[in-house]
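Inspection log for the structure reproduced underneath, given as structure tokens.
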Amino acid sequence: MTVVGPFGLRVRDQALEAAVQAGMAAVEEGLLEATKSEVPFITEAAQHLVKAGGKRFRPLLVTLAAQFGDPEAPGIVPSAVVVELTHLATLYHDDVMDEAEVRRGVPSANSRWGNSVAVLTGDFLFARASHILADLGPEAVRVQAEAFERLVTGQILETAGPSDGRSPIDHYLDVLAGKTGSLVAVACRFGAMMSGADDQVVDVLTQYGERLGVAFQLADDVLDIASESSDSGKTPGTDLREGIATLPVLRLRERVRRLGLPEDVALCELLDSDLTDEARLAEAVARLRVHPALEEARADTVRYAQEARAALTPLPECEARTALVHLCDAVVHRAG
């Protein structure tokens, strides 16, 4: 087996390995080309996160999904570029909203050039993605527009919080389905669609992508607490410091509502305190690492990954399907 793609994805078939590596290289070239501008400063800002690297998770899924049709079809690489540009644009905007200082191990665009430049650079990337989409046909434009609406709706719902009487955990999972699952689903959909795969295959891979996308984000939630070093370029405990209630914290608060254990109440009070203090943050991370709420969040991650795996059942046995199954395992492995 050869390791290709993010998370140590292993591919047994030489032809698939070559196709994945060639596809990912072509996407990288496409990203650099799509982020060029006649204005050097715009090029620098737009390529800031491209050159910082990243997992290229979504382009990988486009490439693997394309194996169920004609993997050489002309729309595959451009659609992968569209999905990654859209993802990168959301990162510029997210960092402004979160006042993040670091992204992918480098200073965030907003900390380097200010919020206005970061927001406008994100808009520039959306514009470039739309320009490429226009050449892929009206159906591709519609799919992307629907996903983008879900993505933005998820972001708004996260900001607004759950409605009265709604479970905060159910609300959070809906937010992730919109913010993360929708675009991962589009990656799989574009790969299958552009390759000419039949409609059932397109639908199966879309369902797989949505569930895998949620599992991927839940694994990040666990990693923010459980890992000594973060794959996302963030310091462990970053979400806690910023007051972001990810799934382990929501599971803890649910336990407080159900059981009211004094030690859980005390931990919630610690999480609600000023965690910009490094000693408090270290204590909060340490206590959450051994708390049942973290294991519950891991179990949720496994559940979504298993649902993604199960969604692949109607697909024919082949190396591409095996690789997609391995991605489910890899996402779970990231969460420990």
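Remember, it's a predicted structure, so these values are computed and weren't measured experimentally.
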When you measure from the side chain of [X] to the backbone of [Y], do you find a donor-acceptor pair of N or O atoms at a distance under 3.5 Å?
X: Gln67; Y: Thr63; result: yes
X: Thr43; Y: Ser37; result: yes
X: Arg289; Y: Ile225; result: yes
X: Arg128; Y: Lys36; result: yes
X: His291; Y: Pro248; result: no
X: Ser182; Y: Lys179; result: no

With heavy-atom distances below 4.5 Å as the criterion, would you say the side chains of [X] and [Y] are in contact?
X: Leu61; Y: Val83; result: no
X: Thr246; Y: Asp224; result: no
X: Tyr92; Y: Asn110; result: no
X: Val62; Y: Val27; result: no
X: Val39; Y: Phe124; result: no
X: Pro316; Y: Arg321; result: no
X: Leu176; Y: Leu247; result: no
X: Asp239; Y: Asp220; result: no

Check [X] against [Y] and note the closest heavy-atom contact, atom names and distance.
X: Arg56; Y: Val50; result: NH2-O, 2.9 Å
X: Leu212; Y: Ala308; result: N-CB, 3.8 Å
X: Leu240; Y: Leu275; result: O-CD1, 3.5 Å
X: Thr35; Y: Leu31; result: OG1-O, 2.7 Å
X: Thr86; Y: Ala129; result: OG1-CB, 4.0 Å
X: Leu218; Y: Thr301; result: CB-OG1, 3.3 Å

For the pair [X] and [Y], find out whether any cationic side-chain nitrogen is under 4.0 Å from an anionic carboxylate oxygen.
X: Arg257; Y: Glu254; answer: no
X: Arg280; Y: Glu283; answer: no
X: Glu146; Y: Arg150; answer: no
X: Asp264; Y: Arg258; answer: no
X: Glu44; Y: Lys51; answer: no
X: Asp221; Y: Arg251; answer: no

Quick check on the hydrophobic clustering: are [X] and [Y] connected, directly or via other members, by side-chain heavy-atom contacts under 4.5 Å?
X: Leu136; Y: Leu183; answer: yes
X: Leu49; Y: Val82; answer: yes
X: Leu267; Y: Val265; answer: no
X: Leu173; Y: Leu151; answer: no
X: Val214; Y: Ile244; answer: no

Just checking, is any N or O donor in the side chain of Gln155 or Glu158 under 3.5 Å from an acceptor N or O on the other one? yes
TODO: For Thr206 and Arg189, test the side chains for any donor-to-acceptor distance below 3.5 angstrom and give the result as yes or no.
DONE: yes
Distance (rounded to the nearest 0.5 Å) between [X] [atom1] and [Y] [atom2]:
X: Leu270; Y: Arg287; atom1: CG; atom2: CZ; answer: 5.5 Å
X: Ser163; Y: His171; atom1: OG; atom2: NE2; answer: 8.0 Å
X: Arg58; Y: His87; atom1: CZ; atom2: NE2; answer: 4.0 Å
X: Met193; Y: Asp199; atom1: CE; atom2: CG; answer: 10.5 Å
X: Leu88; Y: Phe126; atom1: CG; atom2: CZ; answer: 10.0 Å
X: Asn115; Y: His93; atom1: CG; atom2: NE2; answer: 10.5 Å

Item to complete: Please test Leu85 against Ile132 for side chain to side chain contact (heavy atoms under 4.5 Å, CB included), starting from the C-alpha separation and ending with a verdict.
Response: CA-CA 10 Å; Leu85 284 176; Ile132 297 169; 4.0 Å; yes
Problem set entry | Leu288/Leu294 under side chain to side chain contact (heavy atoms under 4.5 Å, CB included): CA gap, chis, key distance, verdict | CA-CA 7 Å; Leu288 273 173; Leu294 186 62; 5.7 Å; no
Requested in this report: Output, in order, the C-alpha distance, side-chain angles, deciding distance and verdict of side chain to side chain contact (heavy atoms under 4.5 Å, CB included) for Gln306 and Val332.
Outcome: CA-CA 9 Å; Gln306 288 174 337; Val332 170; over 6 Å; no
### Query
How are the rings of Trp113 and His48 set relative to one another: parallel (under 30°), tilted (30 to 60°) or perpendicular (over 60°)?
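Geometry flag for His48 against Trp113: perpendicular rings.
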For atom CD of Glu149, decide whether the heavy atoms of other residues, nucleotides or ligands shown that lie under 6.0 angstrom number more than 12.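 Check fails, neighbour count at 12 or below.
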Item checked: Residue pair Phe216, Leu327: steps toward the side chain to side chain contact (heavy atoms under 4.5 Å, CB included) verdict -> CA-CA 10 Å; Phe216 175 81; Leu327 274 180; over 6 Å; no
